[in-house]
2 protein chains.
Amino acid sequence: MTLQQFLPYRLAVLADAVSRAMAAVYQQRFDLTRDEWRLLAVLGDRGRLQAAEAAQATTVDKMQASRALRRLQARGLVSRQTDPDDRRHVIVQLLPAGRSVLQQLNPVIQAREAYLLAALSEPERELLDRALDRLLQRAQELQQL
Amino acid sequence: MTLQQFLPYRLAVLADAVSRAMAAVYQQRFDLTRDEWRLLAVLGDRGRLQAAEAAQATTVDKMQASRALRRLQARGLVSRQTDPDDRRHVIVQLLPAGRSVLQQLNPVIQAREAYLLAALSEPERELLDRALDRLLQRAQELQQL
DNA sequence: TATTGTTATACTCTATAACTATA
DNA sequence: TATAGTTATAGAGTATAACAATA
């Protein structure tokens with residue numbers, strides 16, 4: 001067993017390095033946490049969502065999502081309103097200030113992603129794409145044992 | 001920007017799932033943390049090391065490594081001795097009890113890794129191997145900006 | 001009785017830096 | 001003065017479960 005060749009270790013080291021490279025952008029420029037950024041990104045992409053939907057789409061658990069959304073609301077980046085049709089639901093929506101943050105962040109974030117992907121040829125990218133999906137599926141199967 | 005297609009997000013989700021699938025093994029069977037397991041694995045592979053070398057090889061920082069190694073020593077899995085040639089150095093070495101833990105863990109851990117990799121063909125595995133290296137290199141470049 | 005979201009709490013992890021001893 | 005390792009400490013993140021409001 002060589003740790004340096006062990007796939008779980010390599011994935012952890014890579015994900016950590018990539019995550020830091022991205023976090024540096026949204027932390028330094030807008031003082032956002034990873035959860036806050038993910039929630040903003042999902043709201044930017046999919047519009048109004050229930051809190052639970054936003055949590056699921058970002059793989060942030062509902063408790064952390066609740067706190068992150070409250071911070072985003074306090075900063076005027078999103079709105080939170082109880083759904084009149086089912087008053088247990090909270091509808092979350094991006095506000096103009098939140099959209100502005102995304103519009104400033106996205107070019108930088110996407111440029112960094114593009115720089116990473118430029119390490120690979122197009123066929124390699126497609127294969128990586130499929131490999132990540134398949135590995136995730138198997139990892140989730142292992143977790144359920 | 002779709003979070004679900006964003007490479008850093010996908011890597012984070014995958015690494016987390018894979019990490020949990022492995023941690024379940026060494027946590028439940030031997031009450032080891034991730035850092036403790038990494039240090040044991042490196043010591044099993046490379047024999048006696050200075051504390052700083054062990055930390056570097058596991059990407060665990062020296063402070064966390066110091067604590068993890070003390071816990072491993074308290075459980076009788078490793079020994080820590082000041083190097084007589086330079087009394088600032090601490091030499092860490094796997095003890096028989098530590099080797100026994102590794103011998104019980106490794107087959108299970110490696111079977112899980114093999115199950116993950118069975119999702120890919122041999123040429124795909126080779127490509128993934130190179131892709132992870134190249135992506136890591138670029139991620140580290142981005143971090144230094 | 002079940003569901004959505006919030007609150008509480010304890011625990012772990014992480015980051016920064018100060019400190020000790022050796023060189 | 002620099003290095004290896006340890007200790008201290010505060011802050012962030014995580015996990016579990018209890019709770020209130022609503023259905």
Side-chain angles (χ1 to χ4, degrees), chain A residues 12-13 15-17 19-24 26-28 30-39 42-43 48-74 78-93 143, chain B residues 9 12-13 15-17 19-24 26-28 31-39 42-43 48-74 78-93 143:
Chain A
V13 170
D16 185 64
S19 196
R20 284 170 194 272
M22 298 296 161
Y26 52 72
Q27 269 179 10
Q28 287 170 20
F30 292 101
D31 192 28
L32 293 169
T33 67
R34 191 205 61 176
D35 290 350
E36 288 163 1
W37 178 76
R38 283 189 184 176
L39 287 162
V42 161
L43 288 170
R48 59 194 350 244
L49 289 173
Q50 285 177 21
E53 292 170 335
Q56 192 188 11
T58 51
T59 63
V60 172
D61 84 31
K62 66 172 186 171
M63 193 200 59
Q64 297 160 281
S66 168
R67 290 177 182 155
L69 289 170
R70 197 155 24 124
R71 286 192 299 269
L72 292 174
Q73 184 189 33
V78 308
S79 64
R80 276 156 74 240
Q81 298 175 310
T82 57
D83 181 350
D85 295 341
D86 182 338
R87 297 178 49 74
R88 291 174 305 186
H89 295 164
V90 170
I91 305 287
V92 187
Q93 198 164 2
Q143 275 186 82
Chain B
Y9 175 75
V13 170
D16 185 64
S19 196
R20 284 170 195 272
M22 298 297 161
Y26 51 72
Q27 270 180 10
Q28 288 170 19
D31 192 28
L32 294 168
T33 66
R34 191 204 61 176
D35 290 351
E36 287 163 2
W37 179 75
R38 284 189 184 175
L39 287 162
V42 161
L43 289 169
R48 60 198 344 250
L49 290 173
Q50 284 178 21
E53 291 170 335
Q56 192 188 10
T58 52
T59 62
V60 172
D61 84 31
K62 65 173 185 171
M63 192 200 60
Q64 296 162 280
S66 168
R67 289 178 183 155
L69 290 170
R70 195 156 26 124
R71 285 192 300 269
L72 292 174
Q73 183 189 33
V78 308
S79 64
R80 276 155 75 240
Q81 298 175 310
T82 57
D83 181 350
D85 295 341
D86 183 338
R87 297 177 47 75
R88 292 174 304 184
H89 294 162
V90 171
I91 305 286
V92 187
Q93 198 164 1
Q143 275 186 81

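A, B, ... follow the sequence lines: proteins, then strands. Residue 1 opens every chain. These numbers come from a predicted model, not from an experiment.
For the pair B:Gln81 CD and C:dA21 C1', the computed distance is 18 Å after rounding to whole Å. Between A:Leu69 atom CG and C:dT4 atom P there is a gap of 16 Å when expressed in whole angstrom units. Per the geometry, NE2 belonging to A:His89 stands 17 Å off P belonging to C:dA2, to the nearest Å. If you measure from atom CG of B:Asp16 to atom P of D:dT14, you get 8 Å, rounded to the nearest angstrom. Between the CZ atom of A:Arg87 and the C1' atom of C:dG5 there is a distance of 13 Å, rounded to whole Å. One atom, CG of B:Leu32, and another, C1' of C:dT12, lie 16 Å apart when rounded to the nearest Å. Distance CG (A:Leu49) to C1' (C:dT4): 15 Å, rounded to an integer number of Å. Taking atom CG of B:Asp86 as the reference point, atom P of C:dA21 lies 16 Å away to the nearest angstrom.
Looking at which nucleotide of DNA chain D each of B:Gln50 and B:Arg67 is closest to, the 5′-most match is held by B:Gln50. Taking the nucleotide of DNA chain C with the nearest heavy atom to each of B:Arg34 and A:Lys62, the more 5' of the two is matched to A:Lys62. The residue among A:Arg71 and A:Pro84 whose nearest nucleotide of DNA chain D lies closer to the 5′ end is A:Arg71. Map A:Ile91 and A:Arg20 each onto its nearest nucleotide of DNA chain C; the residue landing nearer the 5' end is A:Ile91.
In terms of heavy-atom proximity, B:Ala57 sits nearest to B:Val42 at CB-CG1, 3.9 Å. B:Ala68 approaches B:Leu39 most closely through the heavy-atom pair CB-CD1, 3.6 Å. Of all non-hydrogen atoms in B:Leu69 and B:Ala51, the two that sit nearest each other are CD1-CB, 4.3 Å. Contact detail for B:Thr58 and B:Arg38: the closest heavy-atom pair is O-NH1, 3.2 Å.
Regarding contacts with the backbone of C:dT22, every side-chain N or O of B:Arg88 stays at 4.0 angstrom or more from both OP1 and OP2. For C:dT6, one of the phosphate oxygens OP1 or OP2 lies less than 4.0 angstrom from a side-chain nitrogen or oxygen of A:Arg80. Considering only side-chain N and O atoms, A:Gln64 lies under 4.0 angstrom from the phosphate OP1 or OP2 of D:dT14. An OP1 or OP2 oxygen of C:dT6 is reached within less than 4.0 angstrom by a side-chain nitrogen or oxygen of A:Ser66.
Using a 4.0 Å heavy-atom distance criterion, A:Arg70 is classed as a sugar-phosphate-only contact.
Under the salt bridge (charged side-chain N to carboxylate O under 4.0 Å, His left out) criterion, the residue pairs touching residues 50-73 of chain B are B:Glu36-B:Arg71, with sequence neighbours excluded.
Comparing C:dT6, D:dA15, D:dT7 against the side chain of B:Met63 picks out D:dT7 as the nearest.
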